[in-house]
Amino acid sequence: MQLGSIALLVRAYDEALAYYVGVLGFRLLEDTDLGAGKRWVRIAPHGAETGLLLALARGEAQQKAIGNQSGGRVFLFLHTTSFWADYHRLQGRGVQFLEEPRQESYGLVVVFADVYGNKWDLLEVPLGL
């Protein structure tokens with residue numbers, strides 16, 4: 001088995017695509033119209049097997065959870081093999097970093113917030129860990 005997709009609540013599909021594809025540089029895997037305003041939209045970082053399913057929030061409870069699907073903790077972990085190049089590229093594209101990069105026992109890491117406020121780690125893990 002493998003993890004196929006992770007559902008991510010969004011306000012609007014096109015707004016989410018503009019950020020995740022346009023700013024973060026993810027690739028669009030699928031965008032299928034399901035009718036009645038629903039779409040099946042999947043994105044992923046280049047080379048990744050697991051991606052995000054952009055889920056249009058419906059109802060008050062889902063609307064309130066946009067940007068806080070993990071209760072304020074880091075929610076998603078974006079691994080890189082070129083930390084500084086990716087950090088500077090994302091910084092140049094206006095990504096909101098919440099701290100300065102730091103070295104931890106598990107790798108080089110920095111936390112950023114996406115367009116909705118979800119917290120992500122940009123993380124370079126040393127080979128062998």
Side-chain angles (χ1 to χ4, degrees):
M1 288 189 280
Q2 66 176 331
L3 191 59
S5 296
I6 298 167
L8 181 68
L9 291 170
V10 300
R11 277 190 301 258
Y13 295 115
D14 292 334
E15 172 188 57
L17 286 171
Y19 182 80
Y20 296 111
V21 174
V23 176
L24 293 186
F26 287 13
R27 60 193 165 104
L28 177 62
L29 302 174
E30 183 177 359
D31 188 350
T32 302
D33 187 344
L34 301 176
K38 289 186 72 174
R39 290 158 56 183
W40 185 260
V41 182
R42 293 185 320 115
I43 60 172
H46 290 271
E49 291 183 29
T50 301
L52 298 174
L53 173 67
L54 302 181
L56 188 62
R58 303 278 187 194
E60 187 178 337
Q62 289 182 14
Q63 289 285 336
K64 285 182 179 180
I66 294 172
N68 193 27
Q69 288 185 220
S70 64
R73 293 187 60 110
V74 170
F75 178 47
L76 298 161
F77 299 80
L78 187 58
H79 285 210
T80 178
T81 57
S82 302
F83 180 88
W84 289 110
D86 286 332
Y87 172 75
H88 291 299
R89 178 180 57 82
L90 295 175
Q91 193 175 44
R93 291 182 175 181
V95 169
Q96 178 191 2
F97 288 96
L98 303 178
E99 62 182 18
E100 293 299 316
R102 65 187 193 284
Q103 184 67 54
E104 296 288 348
S105 60
Y106 53 84
L108 189 54
V109 63
V110 66
V111 177
F112 69 93
D114 68 17
V115 67
Y116 299 109
N118 294 300
K119 291 180 182 175
W120 295 62
D121 270 0
L122 176 63
L123 176 63
E124 183 173 359
V125 178
L127 293 175
L129 272 186

L52 side chain near F26 side chain, heavy-atom distance below 4.5 Å: yes
Check the angle between the aromatic planes of Y87 and F83 and answer parallel, tilted or perpendicular using the 30° and 60° thresholds. parallel
Heavy-atom closest pair (E100 atom, V110 atom, distance to 0.1 Å) is C-CG2, 4.0 Å
How about CZ on R102, more than 12 heavy atoms from neighbouring residues, nucleotides or ligands closer than 6.0 Å, or not? yes
Nearest-0.5 Å distance that lies between atom CG in D121 and atom CG in L108: 11.0 Å
Grouping I, L, V, M, F, W and Y whenever their side-chain heavy atoms are under 4.5 Å apart, do L123 and L98 come out in a common cluster? no
Heavy-atom count check: over 12 atoms from other residues, nucleotides or ligands less than 6.0 Å from E60 CD? no
Of the non-hydrogen atoms in W40 and R42, which two are nearest, and what is the gap between them? NE1-CD, 3.5 Å
When clusters are formed by joining ILVMFWY residues with side-chain heavy atoms under 4.5 Å apart, either directly or through shared neighbours, do V10 and I66 land in the same one? yes
Are V23 and F112 connected in a single hydrophobic cluster, I mean Ile/Leu/Val/Met/Phe/Trp/Tyr linked by side-chain heavy atoms less than 4.5 Å apart? yes
Kindly check if the number of other-residue, nucleotide or ligand heavy atoms within 6.0 Å of CD (E49) is above 12? no
Closest non-hydrogen atom pair, W120 against L78: CE3-CB, 4.1 Å
From R11 atom CZ to L56 atom CG, the distance as rounded to the nearest 0.5 Å: 11.0 Å
If every non-hydrogen atom of R39 is compared with every non-hydrogen atom of L17, which pair is closest and at what distance? NH2-CD1, 3.7 Å
Rounded to the nearest 0.5 Å, what's the gap from CG on L122 to CD on Q91? Could you check? 11.0 Å
Measure across G107 and P126 and return the closest heavy-atom pair with its distance rounded to 0.1 Å. CA-CD, 3.7 Å
Test of understanding: clusters of I, L, V, M, F, W, Y form through side-chain heavy atoms closer than 4.5 Å, transitively. Do V21 and I6 belong to the same one? yes
Supply the atom-to-atom distance F75 CZ to D114 CG, rounded to the nearest 0.5 angstrom. 9.0 Å
Expected output: side-chain Q69 to main-chain L9 donor-acceptor under 3.5 Å: yes
Atom CG in D31, atom CG in D14: separation rounded to 0.5 Å? 7.5 Å
Side-chain contact, heavy-atom cut-off 4.5 Å: L90 with L24? yes
Looking at every non-hydrogen atom in both residues, tell me the closest pair between K119 and V111 and how far apart they are. CB-CG1, 4.2 Å
L54 and I43, any side-chain heavy atoms less than 4.5 Å apart: yes
Using the rule that two of Ile, Leu, Val, Met, Phe, Trp, Tyr join whenever any of their side-chain heavy atoms come within less than 4.5 Å, decide whether F97 and Y20 are in one cluster. yes
May I ask you to check whether Y19 and Y116 place their ring centers less than 6.0 Å from one another? no
